[in-house]
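Nothing here was measured: the structure is a model prediction, and the numbers come from that model. Remember, it's 1-based here, ligands and their atoms both numbered in the order they're listed.
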Amino acid sequence: MNTIGLASDHAGYPLKEQVKEWLKAMGYDYVDFGTNSTESCNYPEFAHALAEAIEKGELQKGIAICGTGNGINMTLNHHDAIRSALCWMPEIAALARLHNDANVMVMPGRFIATESAKECVETFLNTGFEGGRHQARIDAIPVKK
Ligand code: RB5
């Protein structure tokens, strides 16, 4: 519960390193699925690794970052067990938990101020799911096969 999975590409790497510091200060551990530098790479590799750990039940929550947030968010949401929300302000992070029960928060590393990112992380980790009418909505998200 107190261990957060992390993933990024090269564009998200600098913010991921900052997120690690914030998590430590907040008393969380983390597992970092990469990438580990600003060298150009492909975000799906790291997104899939994070998503698979959550699918297996090894972790409950993750934070992922790419340049815009879109590519890594799209990849994560291909996994049935993942509800990944693109967040750039704490109000959206709060609603992603309250209404969507998001288990992964994605941030746009190239388009978010550091202070906003920190507030998003704090809010994502400290906000619970509201349940009620929102439960039926998230239950209806998976495509029926
Ligand atoms: C990398 O240049 C960039 O395309 C990537 O970080 C992300 O924004 C993709 O959605």
Return the closest protein heavy atom for [atom] as residue, atom name and distance.
| atom | result |
| --- | --- |
| atom 10 (O) of ligand 1 | Gly71 N, 2.9 Å |
| atom 9 (C) of ligand 1 | Tyr43 CE2, 3.6 Å |
| atom 5 (C) of ligand 1 | Asp9 OD2, 3.2 Å |
| atom 8 (O) of ligand 1 | Thr68 N, 2.8 Å |

Review point. Given Leu23 and Leu125, is the side-chain contact (heavy atoms from CB on, under 4.5 Å) satisfied, shown in steps?
Key: CA-CA 10 Å; Leu23 290 177; Leu125 296 177; 3.5 Å; yes
**Study point:** Any donor-acceptor N/O pair, Asn100 side chain to Ala102 backbone, under 3.5 Å
**Key:** no
Exercise for review: Could you tell me whether Ala11 approaches ligand 1 through its side chain, its backbone, both or neither, with non-hydrogen atoms closer than 4.0 Å?
Suggested key: side chain
Check your understanding: For the side chain to side chain contact (heavy atoms under 4.5 Å, CB included) test, which of Leu50, Asn73, Ile72, Ile4 pairs with Val104?
Key -> Leu50
Could you tell me whether the side chain of [Y] reaches within less than 4.5 Å of the side chain of [X], counting heavy atoms only?
| X | Y | result |
| --- | --- | --- |
| Phe33 | Leu59 | yes |
| Phe46 | Cys41 | yes |
| Val31 | Glu58 | no |

Review point. Near Gly67, which atoms of ligand 1 are under 4.0 Å from a heavy atom of that residue?
Key: 5 (C), 6 (O), 7 (C), 8 (O)
**Study point:** Contact atoms of ligand 1, heavy-atom distance to His10 under 4.0 Å
**Key:**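 Atoms satisfying the 4.0 Å criterion: 1 (C), 2 (O).
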Check your understanding: Any N/O of Cys66 closer than 3.5 Å to an N/O of ligand 1?
Key ->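 Such a contact does not occur with ligand 1.
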Check your understanding: Do ligand 1 and Arg110 have nitrogen or oxygen atoms that lie under 3.5 Å from each other?
Key -> yes
Practice item. Measure centre to centre between the rings of His48 and His79, then say whether the value is under 6.0 Å. Key: yes
